[in-house]
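All remarks here apply to the structure that follows.
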Amino acid sequence: MKDLRHLGLGFFCSTSDNRITTNRKFKLSNLTLSKFLNVFYQNLSDFVVLLEISKRMNLSIFRLGSNMVPFASHSNLDKSWLKMIEKDLKSASEAIRKYGVRITMHPGQHVILSSPRKEVLDASLRELEYHFWLLDCLGVGNDGVVVVHVGGVYGDKKEALKRFIFVVRESSWLKERLAIENDERFYNLEDVLWLCERLNLPVVFDYYHHTINPSDFDSKMVLSSWDGRIPEFHLSSFPTVSKKFNEHGDWIEIEDVLSLENLFKGERIDVILEAKKKEKAIERLIELAQDNGVVLSARSLMKG
DNA sequence: GCAGGTCAAGTCTAC
DNA sequence: GTAGACTTGACCTGC
């Protein structure tokens with residue numbers, strides 16, 4: 001048997017049927033204190049259930065949905081409402097400790113630190129401030145990173161990268177949790193390594209994006225960018241029924257896990273599996289692995 | 001109960 | 001010009 005138990009696994013946001021989710025939301029026009037609290041407490045309660053599920057499946061990492069606190073960074077939200085929920089977030093930190101699952105986040109495409117537009121940058125910083133605050137309240141340590149993409153190119157990639165560097169140096173608090181991921185269109189792993197080296201930030205290797213938008217890279221540099229922390233990587237597989245070129249598949253194929261392993265042989269890495277079937281994709285992957293003589297970390301769940 | 005329209009935000013590509 | 005991609009279809013209204 002090939003032993004891949006050094007790969008920690010995890011899924012994100014919700015179960016595959018979306019019944020248990022940290023990402024409930026509502027329309028901005030319906031924003032009231034009661035709606036806000038109602039949705040938040042449902043998200044928080046499901047978050048604990050998702051931690052339980054992760055623990056039961058012997059998973060290492062879980063990505064918390066950005067909608068956990070609805071409209072947290074929106075100007076229409078009364079900031080005193082955030083104060084009201086702080087103690088409940090702090091009580092959830094006990095559950096995180098109890099289940100021992102690593103928590104990270106990945107804000108939406110609207111967070112763009114390379115944008116030339118001041119209003120976009122300001123909104124991005126507000127959104128990141130919210131993510132950092134949430135993880136702080138949850139008592140998450142420095143392995144709880146907030147993963148962003150570099151953003152757009154705006155006709156001049158070098159200038160966009162320069163703006164990104166300037167912003168992170170100006171707002172040095174970003175360095176506490178920020179991590180940067182290669183994307184499938186503009187900024188490949190080589191670009192992200194270049195950027196992260198200058199900013200001393202960790203690189204999130206997305207295997208799927210790398211296969212679509214490849215570059216040469218030194219795997220040791222990716223690993224060392226984490227400065228002793230366990231790296232977080234992302235893995236997904238192409239859809240079995242071909243759809244759009246960059247759409248994530250429902251499942252994870254064992255070949256992709258083996259290819260990732262081949263790039264980072266034997267290293268302890270946490271891998272978020274970005275499959276649409278979420279926890280069911282992990283169960284299927286473990287079965288596939290067993291059929292192929294591979295032991296994955298979540299194997300113990302199959303034994304109940 | 002169900003169908004269909006709508007939803008905070010940016011940027012880019014495919015059609 | 002618009003839909004769709006991205007971390008994700010859920011929510012809401014009108015019938």
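Since this is a predicted model, take the numbers as computed values, not measurements. Chain naming here is simple, since letters A, B, ... match the order of the sequence lines and numbering starts at 1 in each.
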Nearest-angstrom distance, [atom1] atom, [N] to [M]:
N      : M      : atom1 : value
C:dA3  : C:dG9  : C1'   : 16 Å
C:dT2  : B:dC7  : P     : 15 Å
C:dA10 : B:dG10 : P     : 24 Å
C:dG4  : B:dG5  : P     : 13 Å
B:dT6  : C:dT8  : P     : 24 Å

Walk me through it: do A:Glu159 and A:Lys162 pass the test salt bridge (Lys or Arg N to Asp or Glu O under 4.0 Å)?
-> CA-CA 5 Å; A:Glu159 281 303 310; A:Lys162 266 197 216 167; 3.3 Å; yes
Determine yes or no for a side-chain-to-main-chain donor-acceptor pair under 3.5 angstrom, with A:Ser215 supplying the side chain and A:Glu190 the backbone.
->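 Yes.
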Euclidean distance, atom [atom1] of residue [X] to atom [atom2] of [N] [Å, nearest integer]:
X        : N      : atom1 : atom2 : result
A:Asn213 : B:dT13 : CG    : P     : 12 Å
A:Asp206 : C:dC6  : CG    : P     : 11 Å
A:His209 : C:dC6  : NE2   : C1'   : 8 Å

Is the A:Phe233 ring parallel, tilted or perpendicular to the A:Phe205 ring (thresholds 30°, 60°)?
-> perpendicular
Closest non-hydrogen atoms of A:Ile252 and A:Glu274, given as atom of the first, atom of the second and distance, are CD1-N, 4.4 Å
Shortest non-hydrogen pair, A:Cys13 vs A:Phe62, comes out as N-CZ, 3.4 Å
With sequence neighbours excluded, what pairs up with A:Gln42 under the side-chain hydrogen bond (donor to acceptor under 3.5 Å, both in side chains) test?
-> A:Arg24
What residues form a side-chain hydrogen bond (donor to acceptor under 3.5 Å, both in side chains) with A:Tyr130, not counting sequence neighbours?
-> none
Intra- and interstrand pairs of DNA chain C - dot-bracket, Watson-Crick/G-U under 3.5 Å, | marks other strand = ||||||..|||||||
With side-chain hydrogen bond (donor to acceptor under 3.5 Å, both in side chains) as the test, would you mind laying out the steps for A:His210 and A:Glu184 before giving the verdict?
-> CA-CA 7 Å; A:His210 178 68; A:Glu184 77 280 30; over 6 Å; no
Ionic contact status for A:Arg185 with A:Asp183, cut-off 4.0 Å =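 Looking at A:Asp183 and A:Arg185, the cut-off is not met.
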Presence of salt bridge, A:Asp122 and A:Lys118, under 4.0 angstrom = yes
Tabulated below should be each protein N or O lying under 3.5 Å from an N or O of nucleotides 9-12 of chain C; please produce it.
residue	atom	partner	partner atom	Å
C:dG9	OP1	A:Asn18	ND2	3.3
C:dG9	N2	A:Lys25	NZ	3.4
C:dA10	OP1	A:Asn18	ND2	2.6
C:dC12	OP1	A:Asn30	ND2	3.4
C:dC12	OP1	A:Lys35	NZ	3.1

Dump every N/O contact between nucleotides 9-12 of chain B and the protein below 3.5 Å, one line per pair.
residue	atom	partner	partner atom	Å
B:dA9	N7	A:His110	NE2	3.3
B:dG10	N7	A:His110	ND1	3.4
B:dG10	O6	A:Gln109	NE2	3.1
B:dT11	OP1	A:Ser115	OG	3.1
B:dT11	OP1	A:Tyr154	OH	3.2
B:dT11	OP2	A:Arg117	NH1	2.7
B:dC12	OP1	A:Val153	N	3.0
B:dC12	OP1	A:Tyr154	N	2.7
B:dC12	O2	A:Arg185	NH1	3.4

With sequence neighbours excluded, what pairs up with A:Lys83 under the salt bridge (charged side-chain N to carboxylate O under 4.0 Å, His left out) test?
->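 Salt bridge (charged side-chain N to carboxylate O under 4.0 Å, His left out) check on A:Lys83 returns A:Glu86.
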